[in-house]
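In what follows, every chain begins at residue 1, and chains take the letters A, B, ... in the order their sequences are listed.
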2 protein chains.
Amino acid sequence: MRRCVASLNRRVWAESCRRDRAWRVGACARALTTDAAREQGATARAWWAGSLAVGASFGLGAWYLATHPGPALAKDVSSLPEYSKEEVAKHRTPEDRVWVTYKEGVYDITDWVDIHPGGKARLMMAAGSAIDPFWSMYQQHNTQQVRDILEGYRIGSLEGGAPPPPEDPYADDPKDRLPALIVRSARPMNAEPPRELLTGSVITPTEVFYIRNHLPVPRIDEAQYSLRIEGQGIKTLDLSLDRLKAEFRKHTVTATVQCSGNRRNDFYAVKDVKGLEWGGAAIGTAVWGGVRLGEVLQAAGLDPGAEGVRHVQFFGADADGAGQAYAASIPVHRALDPRADVLLAYEMNGAPLTRDHGAPLRVIVPGTAGCRSVKWVTKVVPSGEEADSLWQRRDYKAFSPSVGWDEVDWDSAPAIQAMPVTSLICEPAPGARVEPEDLVTVKGYAWSGGGNRVIRVDVTADGGATWHTAELEGVEQEEGRNWAWVLWSAEVEVPGTPGEVEIAAKATDASYNTQPEAPGPIWNLRGVNCNSWPRIRIVAEEAQ
Amino acid sequence: MRRCVASLNRRVWAESCRRDRAWRVGACARALTTDAAREQGATARAWWAGSLAVGASFGLGAWYLATHPGPALAKDVSSLPEYSKEEVAKHRTPEDRVWVTYKEGVYDITDWVDIHPGGKARLMMAAGSAIDPFWSMYQQHNTQQVRDILEGYRIGSLEGGAPPPPEDPYADDPKDRLPALIVRSARPMNAEPPRELLTGSVITPTEVFYIRNHLPVPRIDEAQYSLRIEGQGIKTLDLSLDRLKAEFRKHTVTATVQCSGNRRNDFYAVKDVKGLEWGGAAIGTAVWGGVRLGEVLQAAGLDPGAEGVRHVQFFGADADGAGQAYAASIPVHRALDPRADVLLAYEMNGAPLTRDHGAPLRVIVPGTAGCRSVKWVTKVVPSGEEADSLWQRRDYKAFSPSVGWDEVDWDSAPAIQAMPVTSLICEPAPGARVEPEDLVTVKGYAWSGGGNRVIRVDVTADGGATWHTAELEGVEQEEGRNWAWVLWSAEVEVPGTPGEVEIAAKATDASYNTQPEAPGPIWNLRGVNCNSWPRIRIVAEEAQ
């Protein structure tokens with residue numbers, strides 16, 4: 001019975017995602033009649049919204065209340081029993097029921113465990129204890145609506161009342177961020193610059209570079225820092241930053257880094273997805289300085305032909321309350337290939353890494369989704385398996401537009417590595433006013449993953465009847481190692497009749513892959529890899 | 001003045017290509033008043049259609065006559081002077097005027113030289129002599145219309161009348177080709193199987209494999225055969241087939257080879273292009289056996305880090321009357337990378353290569369356009385430059401849809417190497433009859449260049465409202481070395497209302513590149529790399 005209801009919940013939740021953009025939320029589930037509540041003869045029906053931890057941007061709509069007028073959510077908590085911390089701690093498995101506390105409340109969340117969109121494992125870390133530190137970390141839970149819904153699972157109160165609130169894990173985040181950045185989520189910090197700032201120069205100034213954090217920014221004492229290299233068939237190395245710099249040649253690479261959620265907003269326009277509402281500026285290009293990962297791995301004795309080693313895993317110093325570090329991996333042949341230019345980087349644009357960008361050391365995997373370029377890297381592990389994190393196994397994958405949260409089989413798609421060809425129109429601004437027949441300068445960026453050079457950008461202001469081939473500006477790079485984007489500029493003539501004008505662009509790379517026309521056919525439930533033609537609308541009107 | 005007219009001609013010719021599909025021809029040019037004709041006070045106005053030599057399919061429309069009623073093309077040749085072969089031979093440069101003969105006619109083609117779409121160099125090979133051997137080689141010239149138009153350049157007749165006709169260079173072509181092949185051009189032979197034959201097995205039987213010849217098939221005595229390795233910074237090697245097999249390890253690779261003109265017919269449906277009217281079956285997958293090109297180059301002393309060596313050129317034994325061999329090149333890093341699996345192959349599907357497929361030795365460049373997998377290879381040359389052939393520098397490149405023959409700058413686009421993600425629907429046949437609400441099994445192939453695995457094929461029968469994820473069948477290959485296509489199969493439900501039903505598909509590769517929706521935005525004047533969604537129409541009707 002419970003299984004059926006949970007399944008229903010999943011469908012209802014998926015439906016809710018389809019219906020209401022305001023309902024941009026990890027998940028919702030109908031609270032079940034729990035054992036404890038049954039004891040009291042009370043029926044708890046409620047909704048609890050969780051979410052993927054990966055920086056999704058949140059806000060619960062009023063969908064439930066609007067469509068399900070029913071029992072009020074409020075309940076008389078004074079009639080519920082009190083439990084000690086020790087009693088709560090006994091409930092850590094589905095067999096014993098899974099209890100958690102939040103402030104002074106005690107909740108039985110057994111029926112939610114399997115359908116938590118952030119994963120059962122992550123939720124089970126809080127089993128038998130307080131979720132407060134986790135919600136403090138993953139602050140997207142902290143809305144009144146989510147709290148109201150959690151109350152539906154309430155079975156009692158904590159003896160002695162609420163424990164002291166956890167420290168704010170984000171209290172030590174950097175304070176010197178560029179005010180012009182558009183913040184998509186403050187805790188963790190996720191922010192992108194206004195797109196107009198991107199076309200200023202091929203190299204993106206560090207302060208302007210988008211920030212994509214999954215967790216609080218670690219503060220690492222460079223003098224104490226050490227990178228561990230360990231794993232299958234190699235000797236363990238512990239390398240201080242000084243030793244890394246002294247023992248390995250410095251290598252610099254100009255590479256674009258892009259969040260695979262970049263341009264997710266174009267998917268939201270089709271139908272709801274989950275994740276940060278990135279515009280198109282979660283991308284930037286920097287000169288990265290560091291040492292080649294492959295040389296470090298070979299120093300540790302990794303044999304390029306080693307049987308069974310297929311991946312190299314990276315672990316960051318950014319970890320949640322339970323110590324789960326951000327982790328990701330890349331194929332080992334890429335890590336070892338000198339032409340792939342994978343770096344352990346300590347410099348960005350000629351200066352030491354800033355804290356937001358991974359100080360003192362981060363991975364840079366050129367041509368590959370930003371989520372693999374692990375920041376604050378503390379451990380590198382050659383392995384037969386991909387990293388066992390949600391960020392590797394689940395979050396950054398795309399499925400058919402017809403695959404919803406109900407049907408998704410996460411193992412059926414590969415983790416995003418190389419990214420597809422993409423572009424953006426950065427200027428003019430949407431809604432800009434021009435005159436009919438004006439020549440308008442259109443500017444933007446274009447990039448392709450896997451080292452594929454962008455060979456052409458075409459721009460149209462007449463629905464594709466005429467394409468203008470843009471001028472490209474970039475840095476000189478080797479064939480197959482074109483890690484950096486190009487900036488482009490084209491002059492297009494606006495039609496002679498006043499009205500709204502759509503300007504569209506498409507980039508083509510050296511494999512002659514090009515961008516799909518529309519986001520609909522590439523829509524995917526996580527909203528990743530949006531690379532359809534960028535389009536903006538401006539207005540042609542006669543001068544007054 | 002001549003320059004202006006030639007330019008006008010080019011525009012007129014480009015326009016003609018746009019207007020009339022029957023006008024599927026290399027080029028046309030208004031004949032100018034030539035010196036010789038001027039001497040006689042006669043004005044020659046005519047059109048001559050040439051063509052790219054690369055197996056384009058031909059047929060001159062009546063466009064000129066329809067739109068330019070004027071002087072009749074026929075002229076009284078008996079009033080023209082006679083010239084000796086020696087006199088003709090003096091006219092080999094634009095300064096001396098460029099003359100050629102065809103049968104008993106003498107022609108001044110000076111004004112055509114610069115605008116010959118097959119290239120000035122190729123045309124100038126015939127300067128001062130007979131074009132008969134060339135037209136015999138490039139038989140697409142041999143239509144009544146092309147001959148009529150050539151007559152517009154007639155300035156005289158050859159003393160002693162027509163020379164004996166050249167031998168048929170195609171007389172020795174193989175005779176045992178599969179009758180079921182659909183011939184797109186007989187001389188040179190270009191043929192593809194019916195698409196339904198492709199989905200029979202992941203490995204395409206050799207007899208079914210498409211044939212793409214640029215010239216007559218050479219007949220090579222295996223015992224006499226020798227491969228020369230020569231060029232920048234290496235020692236020259238001459239390797240018999242026995243020595244190649246004895247000194248280098250055998251290596252087999254299952255790889256798909258695709259003509260970059262495959263699916264060109266989908267471009268013809270948009271607007272005219274030039275080239276063989278390939279359906280979608282100029283592609284096949286075989287198990288290739290041979291030696292690694294990189295190992296042979298290293299045996300010749302090629303240093304992977306050698307300064308200045310950027311390409312490896314291949315020359316075939318297939319040559320035209322003037323001895324110009326088919327030639328192409330690939331980047332040197334690809335040639336040397338063991339993971340790129342570039343072969344000098346002597347086996348196809350476990351048997352020695354057939355003559356049509358390059359016996360006794362050919363290049364196989366997995367993941368790359370078929371034109372780089374040079375057949376009947378006789379010479380391999382590491383070089384600072386790409387091969388200096390039209391097939392490398394001109395024919396296999398794509399431009400914006402708005403670039404016509406008038407504006408094209410061949411150097412502005414890179415030679416096609418890795419190919420974009422593509423797919424085809426092989427079954428059901430277009431026009432197939434089904435009943436409303438029937439479940440229809442849709443089958444096809446999908447492939448991506450550069451070793452990118454096809455991760456998903458989606459099929460729709462309702463205009464993209466619902467996508468069915470297909471089952472994939474392929475061979476096990478390593479990450480990044482997925483050289484072989486996948487065959488796919490999906491069951492889709494036909495709508496309940498009778499009528500025409502469009503079925504469309506799209507493949508996605510491991511870089512999450514996907515196919516563009518329509519051919520229009522990727523249309524290019526040479527008609528290469530068509531990879532838009534394959535679409536077929538079937539008919540749903542109630543059973544009688």
Checklist entry - Is the side chain of Lys506(B) donor-acceptor paired with the backbone N or O of Pro521(A) at a distance under 3.5 Å, no angle test? => result yes
Item to check | Thr514(B) portion near chain A, given a 4.5 angstrom heavy-atom threshold | outcome: both
Item to check | Glu502(A) CD: over 12 foreign heavy atoms closer than 6.0 Å | outcome: yes
Checklist entry - Side chains of Pro401(B) and Asp458(A): closer than 4.5 Å at any heavy-atom pair? => result yes
Item to check | Region of Arg453(A) that comes under 4.5 Å of a non-hydrogen atom in chain B | outcome: side chain
Checklist entry - Highest number of heavy-atom pairs under 4.5 Å with chain B: which of Ala510(A), Ser412(A), Pro516(A), Ser400(A)? => result Ser400(A)
Next on the checklist: With chain A as the partner, which of Gln515(B), Glu479(B), Glu478(B) has the greatest number of non-hydrogen pairs under 4.5 Å?
Outcome noted: Glu479(B)
Checklist outcome for this item: Highest number of heavy-atom pairs under 4.5 Å with chain A among Pro414(B), Gly367(B), Gly450(B), Gly464(B) belongs to Pro414(B)
Item to check | Heavy-atom closest contact (Ser402(B) atom, Ala465(A) atom, distance) | outcome: OG-O, 4.3 Å
Item to check | Interchain contact, Thr466(A) with chain B, by part (heavy-atom threshold 4.5 Å) | outcome: both
Checklist outcome for this item: Sorted by chain and residue number, the side chain to side chain contact (heavy atoms under 4.5 Å, CB included) partners of Ala484(B) (sequence neighbours excluded) come out as Thr254(B), Thr256(B), Thr285(B), Val475(B), Gln477(B)
Next on the checklist: Please rank Glu517(B), Met419(B), Arg456(B) by heavy-atom pairs under 4.5 Å with chain A and give me the top one.
Outcome noted: Arg456(B)
Next on the checklist: Whether the side chain of Tyr512(A) engages the backbone of Asn529(B) through a donor-acceptor N/O pair (distance < 3.5 Å, no angle test) should be reported.
Outcome noted: no
Checklist entry - Taking atom CZ of Arg310(B) as the centre, does the number of heavy atoms from other residues, nucleotides or ligands within less than 6.0 Å exceed 12? => result no
Item to check | chain A interface, residue from Gly480(B), Ala398(B), Pro331(B) that has the most non-hydrogen pairs under 4.5 Å | outcome: Ala398(B)
Next on the checklist: Applying salt bridge (Lys or Arg N to Asp or Glu O under 4.0 Å), can you list everything that pairs with Asp509(B), at least two apart in sequence or on another chain?
Outcome noted: none
Next on the checklist: Taking side chain as everything from C-beta outward and backbone as N, CA, C, O, which of these in Ala518(A) sits under 4.5 Å from a heavy atom of chain B? Side chain, backbone, both or neither.
Outcome noted: both
Next on the checklist: With a 4.5 angstrom heavy-atom cut-off, is it the side chain or the backbone of Arg339(A) that approaches chain B, or both, or neither?
Outcome noted: side chain
Checklist entry - In terms of heavy-atom proximity below 4.5 Å to chain B, should His468(A) be classed as side chain, backbone, both, or neither? => result neither
Checklist entry - CD of Glu385(B): more than 12 outside heavy atoms within 6.0 angstrom? => result no
Checklist entry - So, Asn513(B) side chain and Val421(A) main chain: donor-acceptor pair closer than 3.5 Å or not? => result yes
Next on the checklist: Counting heavy-atom pairs under 4.5 Å with chain B, which one of Ile522(A), Ile416(A), Asp337(A), Thr469(A) comes out on top?
Outcome noted: Ile416(A)
